[in-house]
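We count ligands from 1, going down the list as the structure has it; atoms in each ligand are counted the same way.
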Amino acid sequence: MSDSVSSPPATTERAPGAFQVLKVALPSPLRRLFDYLPAPRAPACGWLPGLRVRVPFGRRDVVGVVVSLASGSELPRAQLRAVSEALDDAPLPEDWQWLCQFTARYYQHSLGDTMQHAMPARLRQGHPMAGRTQTLWYARQGDDTPLQRAPRQAELYRLLRQHPHGLAGRAISAHGFTREQLHALQKKGLAEPQEITLTAGQPVSGSLLATPSLPLNREQATALAALHEKLDGYHPCLLEGVTGSGKTEVYLQLIEALAAKGKQSLVLVPEIGLTPQTLARFKSRFRVPVVALHSGLTDPERLDVWEAAASGRAMVIIGTRSAIFTPLAKPGAIIVDEEHDGSYKQHDGLRYHARDLAVARAHHHQIPLLLGSATPSLESLQQALSGVYRHLRLTQRPSRHPPAKLELLDMRHQRRQGGLLPGALQAIRQTLKAGKQALVFINRRGFAPSLACHSCGWLAECHQCDARMTLHRQPPLLACHHCDSRRALPDACPECGSGDLRALGSGTERTEETLQGLFPDTVVHRIDRDSTRKKESFEQVLKEIHRGEPCLLVGTQMLAKGHHLPHVTLVVVVNADGGLYAADFRALEHSAQLLEQVAGRAGRAAHPGRVLVQTLHPDDPHLGQLAEHGYGALARNLLEERRLAQLPPFCFMALLRVESPQEPAAMALTQQAAQALRQWLTDANLPVRCLGPVPAPMERRQNRYHLHVMITAQKRSHRHTAAHWLVQWLEAHRDARKVRWSVDIDPQTLA
Ligand code: ADP
Ligand code: ZN
Ligand code: ZN
């Protein structure tokens, strides 16, 4: 390796502590830093923490980040390799470095891995910060007669001409054109590529706003005034406002106030909420640069946005979960919309919660934090109720129609068609007659949740999981929604040979089919992960829905959140019982949030709405409270129950998950780990509970056995200490390498 070239005279080797060492975080799950010697050529700024470097690692070359400098190493100098090169001539932003350090520490994750996760792909791959370019395609004037025999090329040519500012290759393929067609056009002299340098967030002169802000109603004005009072310093605040109460307008005016002071706002939205409509709303309001981090960006564009935020050019940065890692040069506020949303928690690898990191980050920057939701998480609500967060409320909608109350429909002993009760079908009929739209919410995609033999009782089960397979009709197959395995539909029962196989229950496909049969003259849109695999199809359907013709929407939670559906006046929930008696202590909270959000889709515009909720448990007290008094009341009640049971937010939790194809091996190791931890807790006299191992709720998944150990403590710091000890034990333990394990800090589900 070339690093030997720079080896200094042997004398220094005998004097450890006398040579400079760079401690580098590398893309490795190991929770440690790696020592390197500086490269022969130092970057312009000298060696500093935060510099990206390329280093030899094993037989590969990888990109890492210098975390600290030391004079000397535990290893003899001769065993150290040198950094190949520094990739930047200035360190990565300091606030970003701080956040990575905090995240790695809090979530007990490797710092190198955390940093990789927290930087744009281009930086991870070692590309320079500058020189962000992109190829755009333009139409050229020319002889287009040859296109008469190539209709697709003619269409593509038309498309390019409609975009005089150029189209990226990705956009062209999103329109359904191929590279070949594009190159054919280029050969004919009708299209040409151009490299352009990206610079998001170009400053614009003139006033702050492009369109005036709305005059606020009394509640909004009160909330905004309270926010205005505290624009400096760390001021966490929960904005609890019913769906459609105008929270976004409050965000917009808070952002305006900060932009007027030259400060940036970081806005987090749930995955499902970052729609072109949302973006348009922010972009059309401001003249100052608004940038968005969404899944449609190319890697160079993503880096461009990152840089625009880090340099302070972009004043408003909107993005989903991972946008929390965007550096800010002039941080003004962090806003988390729908703060309760499950998409803020990452469920594999680095299991962080963006809302919780937002809290930490706002505190670090000493800036206001605004958490908004119609259905706040019990964590945030408790902070607000106990006075740690300020609590602002919006109880009314500008449209004047209060959110509809839930009407419960008793499913017991009643015939259903496609999952729908006669009362629900009747209401749908009336809605269509009145020229309005109805939304049927059903939390199961596919045709039916299971396939059963009517002769012997056989049920189609997944060979790899403790789960039933879902019957799909489009295309026909059996699919496991837990491991994604698929099987052909059997013609006869594999147990008894009977041909009497029947679909049990209803999924979106079946409900769609039934409704289409009952209302043949009405368009039925099905919206779920299967129907919207293509990126544009969802947008297309939304556009059609917005035209306002009477129609029926059948959808999963993709439809339940965030979307403004002004013509929907009826919402039917096919089955509300999912979360009522689930083992997971958060299931009820999450299910109530979802119900309230779905209900919020009804009657948001000029027309009042109705929400019908089908249930097998019409007497359930929680459901009754939700229907009668709304989420706010139920949530306060649930908090009381959590307090009595000493569950989060009244305790702090960590969950060790262990999985392995071999159950005995996993069990033996997990038992050992739990016992070792319990012993240590006793010796250290630390008030922390350690429960388990217990099998996971679905013990076998994808042919692997899953075990859990639960750690709980009254104090966050105690939980941290215990989890840290456990992670170290596992890292040091040889047998732990034979299984897959992870420690989830503040787990959101116990699955
Ligand atoms: P939320 O974010 O709470 O769901 P939105 O901010 O999306 O609510 O507001 C719902 C609707 O009410 C939007 O169409 C918005 O334009 C409108 N709206 C909000 N505030 C006002 C206001 N002060 N005056 C008139 N319309 C408003
Ligand atoms: Zn059978
Ligand atoms: Zn499976």
Side-chain angles (χ1 to χ4, degrees), residues 211-224 239-255 267 269-270 273 275 277-278 280-282 284-285 335-341 370-376 392-403 450-470 477-487 490-502 546 560-566 596-597 599-606 698-704 706:
T211 53
S213 38
L214 298 177
L216 299 180
N217 66 28
R218 203 176 40 80
E219 286 184 329
Q220 285 173 318
T222 310
L224 189 69
L239 180 61
E240 186 182 14
V242 296
T243 50
S245 59
K247 293 183 291 296
T248 311
E249 188 58 37
V250 175
Y251 306 156
L252 287 167
Q253 300 197 22
L254 172 65
I255 293 169
V267 184
V269 294
T275 60
Q277 289 94 316
T278 315
R281 205 162 156 196
F282 280 81
S284 66
R285 173 66 58 89
I335 297 169
V336 184
D337 186 30
E338 308 289 1
E339 64 84 29
H340 66 279
D341 194 90
L370 183 55
L371 305 177
S373 177
T375 53
L392 304 174
R393 303 187 68 175
L394 304 178
T395 59
Q396 274 157 22
R397 290 177 167 183
S399 67
R400 296 264 145 246
H401 291 296
S450 45
L451 180 69
C453 168
H454 231 64
S455 303
C456 75
W458 169 85
L459 278 169
E461 281 171 348
C462 178
H463 297 323
Q464 309 202 58
C465 309
D466 296 331
R468 291 183 195 163
M469 296 197 96
T470 303
L477 50 80
L478 291 171
C480 172
H481 289 181
H482 301 280
C483 71
D484 254 351
S485 70
R486 275 134 209 272
R487 285 210 310 265
D491 296 324
C493 172
E495 289 288 317
C496 74
S498 158
D500 192 6
L501 297 179
R502 299 191 196 174
H546 276 278
K561 305 183 194 168
H563 302 291
H564 189 55
L565 306 169
E596 182 101 347
Q597 297 280 345
R601 294 318 105 200
R604 278 168 68 95
M698 188 181 293
E699 187 177 6
R700 193 172 56 104
R701 204 162 62 221
Q702 230 170 342
N703 263 339
R704 304 175 69 87
H706 295 248

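- Each of Asp341, Thr243, Thr375 was checked for a side-chain hydrogen bond (donor to acceptor under 3.5 Å, both in side chains) with Gln597, and the lone residue meeting it is Thr375.
- Closest approach of Cys462 to Met469, counting heavy atoms only: N-CG, 3.5 Å.
- Between the side chain of Glu219 and the backbone N or O of Thr395 there is at least one donor-acceptor pair closer than 3.5 Å.
- Of all atoms in ligand 1, numbered sequentially from 1 with element shown, those under 4.0 Å from a heavy atom of Asn217 are 23 (N).
- Of the N or O atoms in Thr243, none lie within a sub-3.5 Å distance of an N or O in ligand 1.
- Taking 4.0 Å as the cut-off, Pro215 counts as a neighbour of ligand 1 on heavy-atom distance.
- With a 4.0 Å cut-off on non-hydrogen atoms, Arg281 touches ligand 1 through its side chain and not its backbone.
- Side-chain contact between Ser498 and His454 is absent, with no heavy-atom pair separated by less than 4.5 Å.
- Among the candidates Lys247, His340, Glu240, the single residue satisfying the side-chain hydrogen bond (donor to acceptor under 3.5 Å, both in side chains) test with Ser373 is His340.
- Residue contact check: Leu216 has heavy atoms under 4.0 Å from atoms 23 (N) of ligand 1.
- Here CD of Gln220 is found 9.5 Å from OG1 of Thr248. Values are rounded to the nearest 0.5 Å.
- Nearest-residue assignment for atom 9 (O) of ligand 1 (options Gly246, Gly241, Pro566; heavy-atom criterion): Gly246.
- The shell of residues lying under 4.0 angstrom from ligand 1, judged by heavy atoms, excludes Arg397.
- Residue Leu214 has no N or O atom closer than 3.5 Å to an N or O atom of ligand 1.
- With hydrogens and angles disregarded, a donor-acceptor distance shorter than 3.5 Å links the side chain of Asp466 to the backbone of Arg700.
- Using a 4.5 Å heavy-atom cutoff, the side chains of Cys456 and Cys493 are in contact.
- Expressed to the nearest 0.5 Å, how far CZ of Arg486 lies from CG of Leu478 amounts to 10.5 Å.
- Annotation for Arg704: atom CZ counts as buried by contact number, over 12 foreign heavy atoms lying within 6.0 Å.
- Considering only heavy atoms from C-beta on, Trp458 stays 4.5 Å or farther from Cys496 through its side chain.
- Only protein N, O or S atoms were considered, and those under 2.8 Å from the Zn ion (ligand 2) are Cys453 SG, Cys456 SG, Cys493 SG, Cys496 SG.
- For the residue pair Arg701 / His482, no side-chain donor-acceptor distance below 3.5 Å is found, with atom types taken as modelled.
- Only protein atoms were considered; those of element N, O or S under 2.8 Å from the Zn ion (ligand 3) number 4.
- In this structure, Arg285 pairs ionically with Glu249, as a charged nitrogen and a carboxylate oxygen lie closer than 4.0 Å.
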